[in-house]
Protein chains: 4
Amino acid sequence: MLLRLGYDMQFEVPEAAACVAQLRIHPSRIEGLRETDAMCVEPAIPLEEYIDSFGNLCTRFLAPAGTLRLSATALFEDSGQADSVNPGAAARPIAELPADTLQFLLPSRYCEVDALAAAAFDLFAATAPGWERVQRICDWVQEKVTFGYSYARPTKTALDVFAERKGVCRDFQHLAITLCRAMGIPARYAAGYLGDIGIPPAPFPMDFSAWFEVYLEDRWWAFDARHNTPRIGRILMATGRDAADVAFFTSFGTANLTNFLVVSEEVQSDTNSARPAA
Amino acid sequence: MLLRLGYDMQFEVPEAAACVAQLRIHPSRIEGLRETDAMCVEPAIPLEEYIDSFGNLCTRFLAPAGTLRLSATALFEDSGQADSVNPGAAARPIAELPADTLQFLLPSRYCEVDALAAAAFDLFAATAPGWERVQRICDWVQEKVTFGYSYARPTKTALDVFAERKGVCRDFQHLAITLCRAMGIPARYAAGYLGDIGIPPAPFPMDFSAWFEVYLEDRWWAFDARHNTPRIGRILMATGRDAADVAFFTSFGTANLTNFLVVSEEVQSDTNSARPAA
Amino acid sequence: MLLRLGYDMQFEVPEAAACVAQLRIHPSRIEGLRETDAMCVEPAIPLEEYIDSFGNLCTRFLAPAGTLRLSATALFEDSGQADSVNPGAAARPIAELPADTLQFLLPSRYCEVDALAAAAFDLFAATAPGWERVQRICDWVQEKVTFGYSYARPTKTALDVFAERKGVCRDFQHLAITLCRAMGIPARYAAGYLGDIGIPPAPFPMDFSAWFEVYLEDRWWAFDARHNTPRIGRILMATGRDAADVAFFTSFGTANLTNFLVVSEEVQSDTNSARPAA
Amino acid sequence: MLLRLGYDMQFEVPEAAACVAQLRIHPSRIEGLRETDAMCVEPAIPLEEYIDSFGNLCTRFLAPAGTLRLSATALFEDSGQADSVNPGAAARPIAELPADTLQFLLPSRYCEVDALAAAAFDLFAATAPGWERVQRICDWVQEKVTFGYSYARPTKTALDVFAERKGVCRDFQHLAITLCRAMGIPARYAAGYLGDIGIPPAPFPMDFSAWFEVYLEDRWWAFDARHNTPRIGRILMATGRDAADVAFFTSFGTANLTNFLVVSEEVQSDTNSARPAA
């Protein structure tokens, strides 16, 4: 399955500001690229790329005062398979987890594992460790939390969501991540492209999407406490402990978003193969 | 049943400080007094009594620098009945509640009804309104929260307890109060004497006790989310929205507690009636 | 000075819900009424009035499912004087405060006096107790906090405002109230009418307004940490510890506001006296 | 200067539990070791070492039920110099910071940079960027926050400390770290040995110590908002975003500390060189 992936966003920057973008396809998915996802920046300014401690491909630059435009349009070949479902996947005993997964058991900015440990244990101790436990956590979060854009706030944490029961996409994931960690399952935040392939088109403009990953057996698996159903075309851009580590765009200084467009849709192969011929 | 009720507490006051004590038997129980519960203050200083907006009999005074001692020893005749249990007591529709109970539906300092409303509804919407609902709330709080003196902190709220699942007596009551209010049942904090009549003596020195009251049918009923069993000899001293309104002793300035003794025990009638004869 | 005061608000009520309105002129200002401020409710339903523990005139009723409209239009004679300014007003020692002001020294839902006491002392201990201290607190709050409607959230407390430095009108007052109480000055939340007499008209539709009152010398004085300047035509409707006690409209159940209009403007006497002649 | 560094700690482990220790000298200081700091574990169990994403040398193992003892005694040669003081050290513009320092500008579990940004800017915008700014932040934190062991709690964050003004060592560092990050200076939590060389011996048993590091010019510099004075013999064991990343001992399951001894003291060279001769 071929996907057209891209974005076009514009900011007004009153004063020169250092910026970091996590807008590249994640290195772990890079083999799917058929056309580059290189970020086009206007005005043309020097860009520096680096891999952060979570393995994300980040781009940094000094945005000059004025209008800043970031865009890309990539062609990506995906399996076309929905998220893997493996009810038999077992949780690894903590003593046997790979060392680099252990950090995803710890509390982080928006995931107060310490404060919610007792509640998590109360709610999910009776579930079977492994896939079922994660699925029950997702079911619980999806059932208990009401979605609404007006519920978003930048400082909202898993603890707030646990009590208030209201939030946006990232809040659902933060709560599920926190509950998984509290139950001994490494869980990390994930963000990327997610179109509406195989589901009714959403009545909203397309956007990037957040989900989360847990470590079971010997690999990471995608879960999504907001949609809570396997989806096609989830293309990872960045992972981290929580949304504090994963932001499509961070400016150290003011940058006001004035335009925002995301594309993530299937491309008919015929159409596409025809294009070079044009 | 005759009870000997009293206290003896001592403070070191580095600088003169205005103080308020809520150490008198509540006016609603005053008919049980057989000997006065008048507070004895050393050194002898002018005392002013007043009834606060919750109907509590408060005593205020300006404690001079030095040692302050507050004491009383009262004789109280109680019914000897355990807390009333009335499983048939119905919750009054809010529209029919007495106006002066409505304030006990609102959020207060340690009871964030607003933040916990969705969680309360999720947990208790399926219970029968009235006595059963309150009892289920108490059962839930007692089961989920672990008691420990080290868990106390002055700023701890119902929301903290709901997440952390740890607390002292007042924390249990705050969480239960918040859940009751969120479910439309007026609930208020209560404090007073509670001996260990009819139960095995506690391995701790005696202390004042906190419980809570809910309004069902046409009156207030005592509940106790910490002990969660009917008790004998609960003698009310003060009520309010939460512990912010109810404090045995408040000093506006430093006052370090150096001695603290509470008495709340049954007096054998024979012994007692013999006393005047002596 | 004659003021036309009134409101017209409409709600959609999906299911019958108990409601409380604090929409009457406060009893302390009732002598200014030249035409009644009686609340007109459509559909016509039984209303019950009561005075709450803060002295506010409240109206309660059971709103039936459907459209609910509340309106009033009163004529009020005000002194036309701006808020009193009395830089010599001294703070009363706590030991000498009237007993009924003491509750306004305590922490409440949105005013965590306990948590902010040390910060308050650090910031304002050097100010002269009394009027100057309150004024400095207002100056500080107004300077440090940025106003924005998007910063509103129902659970926002003084502590949140102290850290985040963003808020709406009620947030400014909550922070100032908390700081005053921490410094030993009774402070209470106030709400009512406030037109734009004597100032440039605001570019917003008229609304009710929140301010606060402190007890100095032997009376309450109005302060306003949001506008921070004496104003003309502040007509009190309700006071309480904080916004948890003071709400123009509370429904115990859903009631969606669909229309909202507030009037608070000067009436030319001639025009007014002419009206009956028309 | 030769230092004897070591620890001896004992836990009771009711059920086998996976554990992680960050008890080795940090790789960046490893050249100072004259005798190994290898951790001795009793009972003898398999240990696995790994470097975490912050460069810390971690040891993990599965502690069996029973008594667990961890100990080490190392000989370390230190410069004997106090912490560097370089008032001329400039803050690097964010656009020029090394990429791996950027994560230390972000919010983390106990450091809510997002929530405290406005307050930080208000307090420190007028200070000169660089060394002076960090020093002023340390001065402010040390002056405003009162130290007390009873103020410790596991979930306490920089925001709590900012309001309550009370805390233990880690709380001081968390607040200072948060303020530095908010002002654009990378700051990270640090923990290790710190004896009382050159200062009056503390009246407490020796313990590990927490401080923090900021990135100025082209390197990390140690600061300590608790002691706020240059110290001799600070030997780094672990760094991370905050105390969530840095813990001498973490058990995923219960492990009750029953004995705890830390040694960090100067060794007279003569005595030491004499030892092999014995």
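Below, chain A is the first sequence line, B the second, and so on; all start at residue 1.
- Per-residue heavy-atom pair counts under 4.5 Å with chain D were compared for A:G184, A:A18, A:A95, and the maximum is reached by A:A95.
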List the steps, then state whether side chain to side chain contact (heavy atoms under 4.5 Å, CB included) holds for D:R109 with A:L106.
CA-CA 9 Å; D:R109 171 64 184 103; A:L106 300 176; over 6 Å; no
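- Only the side chain of A:L102 comes within less than 4.5 Å of a heavy atom of chain D; its backbone N, CA, C and O stay farther away.
- No more than 12 heavy atoms of other residues, nucleotides or ligands sit less than 6.0 Å from atom CZ of D:F121.
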### Task
Please report the C-alpha distance between A:L97 and D:R60 in whole Å, then the side-chain angles of each, then the deciding distance to 0.1 Å, and finally whether the side chain to side chain contact (heavy atoms under 4.5 Å, CB included) criterion is met.
CA-CA 11 Å; A:L97 282 168; D:R60 59 192 293 210; 4.2 Å; yes
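- Ranked by heavy-atom pairs shorter than 4.5 Å toward chain A, the options D:L105, D:T157, D:D52 are led by D:L105.
- Both the backbone and the side chain of D:T155 come within contact range of chain A, judged by heavy atoms closer than 4.5 Å.
- Residue A:R29 qualifies as enclosed at atom CZ: its count of foreign heavy atoms under 6.0 Å is above 12.
- Within the 4.5 angstrom heavy-atom criterion, no atom of A:P46 approaches chain D.
- The part of A:F54 that comes within reach of chain D is its side chain, from C-beta onward, which places non-hydrogen atoms under 4.5 angstrom from that chain.
- Distance check: A:E112 CD to D:Y110 OH gives 9.5 Å after rounding to the nearest 0.5 Å.
- Counting heavy-atom neighbours within 6.0 Å of D:K144 NZ, excluding the residue itself, gives a total above 12.
- Heavy-atom minimum distance, D:P154 versus A:D114: O-OD2, 3.9 Å.
- Minimum heavy-atom separation, A:A244 to D:P107: CB-O, 3.7 Å.
- The number of heavy atoms from other shown groups lying within 6.0 Å of CD (D:E48) is above 12.
- Only the side chain of A:Q103 comes within contact range of chain D, with at least one heavy atom under 4.5 Å from a heavy atom of that chain.
- More than 12 heavy atoms of other shown residues, nucleotides or ligands fall within 6.0 angstrom of atom CD in A:E49.
- Under 4.0 Å is where a charged nitrogen must lie from a carboxylate oxygen, and between A:D245 and D:R241 at least one such pair does.
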